[in-house]
Enquirer: 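The structure is given below, and queries will be raised subsequently.
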Amino acid sequence: MSKPGILVPRPMRDVVMRGLEKRFALYKTFESEDPDRAIAEAADHVRGAAILGQKVDVAFLDKLPNLEIVANFGVGYDNVDAHDCSARGIMVTNTPDVLTDEVADTALGLLIMTVRELSAAERWVRGGSWAAKGAFPLTKTTLIGRKLGILGLGRIGKAIARRAEAFGLEIHYHGRSRQAGVAYTYHDTLSGLAQTCDTLMLVAPGGEQTHHMVDATILKALGPDGILINIGRGSVVNELDLIEALSSGTIHAAGLDVFEHEPNVPQALLDLENAVVLPHVGSASVHTRDAMGQLVVGNLVSWFDTGRAITPVSETPQKE
Ligand code: GLV
């Protein structure tokens, strides 16, 4: 029997390429000088796609009449229109669980960097200011006694909450509904959460439902001692409102791992001393990215061997 065809429109980690090559006929259309033509030529043979960040929308699906499964590298899949896939009976998978601890560790690191100004403190040493000017100025904010509000208490949100508890923080959350068996304080609105807390941790997925949820009103509610951390998706925050809030002192500081138009970060944000910026590194260790890659391969292999995916997304549940 011929091997199922898998479309790989962008280069992926070795662990993915090697894993897929063993089992499938790969269509690495990124190698072509004319990727659109390469996709059109491969189209009839393609039954699965390994996706890294690119858009999977109606236009993409229209090109692939025999597509059965979209295996997304990443827990977030706002790049994939899962409802359109579902309507066409196409399975969508993502890479949850294997990155939970890594992203939660990064979130806590970013929180402490922001509250205690650690990147500015490092620049102070490297730039020679310690010897030339003396001690780094004391930070106005401390982690001690902070009230942490988490937007999106899913698997990663809970892993962040557990770590934050160990740091002595009081934990609150907002999401679509109160969660059974969760002892943290629930707020039925985001503005209520921001009003009560001085630290807001965004772990929400991207997409229309969360687009610009954090805007000038929410930042005002967070207040002048407020710290905003975004480890989820850049689209959740209105970046212009955030720049204004950081410039005017409406909030104290922000730590951002994700941005609205990655990899482009507005110069106005880069110019602000009270913004800590990271290049979307939440899950970015070799260990964790390899585990994510193995799960992409595992989902495709499982699908073509057994007709079942390992980690289907909620819009395309496994049929019993
Ligand atoms: C990273 O942002 C992911 O969604 O896995």
Side-chain angles (χ1 to χ4, degrees), residues 8-16 19 49-57 69-83 85 91-111 113 150-160 163 175 201-214 228-237 239 254-265 276-300 309-316:
V8 188
R10 286 189 183 164
M12 294 177 82
R13 296 187 62 66
D14 265 8
V15 71
V16 181
I51 293 297
L52 176 66
Q54 67 268 50
K55 267 214 150 338
V56 174
D57 52 10
I69 175 167
V70 171
N72 188 60
F73 183 98
V75 69
Y77 54 97
D78 44 310
N79 52 312
V80 178
D81 199 324
H83 287 290
C85 289
M91 168 59 72
V92 179
T93 62
N94 64 343
T95 59
D97 302 321
V98 291
L99 48 53
T100 298
D101 286 334
E102 197 79 73
V103 177
D105 290 348
T106 310
L108 263 292
L110 182 53
L111 172 61
M113 281 174 79
I150 299 180
L151 173 67
L153 196 71
R155 287 171 274 211
I156 297 173
K158 287 189 176 116
I160 292 172
R163 285 159 173 75
M201 173 73 73
L202 309 178
V203 204
E208 266 167 40
Q209 286 185 353
T210 58
H211 187 254
H212 284 190
M213 258 180 114
V214 174
L228 179 78
I229 304 295
N230 193 0
I231 194 82
R233 278 294 180 270
S235 58
V236 176
V237 177
E239 227 160 54
L256 309 167
D257 186 44
V258 288
F259 301 87
E260 271 200 271
H261 306 290
E262 294 172 14
N264 301 307
V265 179
V276 174
V277 291
L278 296 180
H280 200 145
V281 291
S283 65
S285 69
V286 170
H287 168 93
T288 296
R289 288 284 169 89
D290 277 352
M292 293 162 67
Q294 272 154 5
L295 190 48
V296 169
V297 175
N299 269 302
L300 289 165
I310 302 171
T311 48
V313 304
S314 59
E315 292 88 340
T316 62

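Hydrogens, waters and symmetry mates are skipped; everything else that's a heavy atom, side chains included, is used. Just so you know, ligand 1 is whichever comes first in the structure, and atom 1 is the first atom listed for that ligand. Remember, it's a predicted structure, so these values are computed and weren't measured experimentally.
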Enquirer: Identify whether the distance between the nearest side-chain nitrogen and carboxylate oxygen of K55 and D78 falls below 4.0 Å.
Expert: no
Enquirer: Is there a side-chain contact (heavy atoms from CB on, under 4.5 Å) between M201 and I160? Walk through the geometry before answering.
Expert: CA-CA 9 Å; M201 173 73 73; I160 292 172; 4.0 Å; yes
Enquirer: Got a second to check how far M292's CE is from H287's NE2, nearest 0.5 Å?
Expert: 11.5 Å
Enquirer: To check your reading of the model: name the closest protein heavy atom to atom 5 (O) of ligand 1, its residue, and the distance in Å.
Expert: V75 N, 2.8 Å
Enquirer: Hey, does S283 come in under 3.5 Å of ligand 1, counting only N/O atoms on both sides?
Expert: no
Enquirer: Using a 3.5 Å cut-off on N or O atoms only, is G76 in polar contact with ligand 1?
Expert: yes
Enquirer: If every non-hydrogen atom of A309 is compared with every non-hydrogen atom of T93, which pair is closest and at what distance?
Expert: CB-CG2, 3.5 Å
Enquirer: Just let me know how L99 lines up against ligand 1, side chain, backbone, both or neither, with a heavy-atom cut-off below 4.0 Å.
Expert: side chain
Enquirer: Is D290 close to R13 at the side-chain level, that is, under 4.5 Å between some pair of heavy atoms?
Expert: yes
Enquirer: Considering heavy atoms of the protein only, find what lies nearest to atom 2 (O) of ligand 1 and give residue, atom and distance to 0.1 Å.
Expert: H280 NE2, 2.7 Å
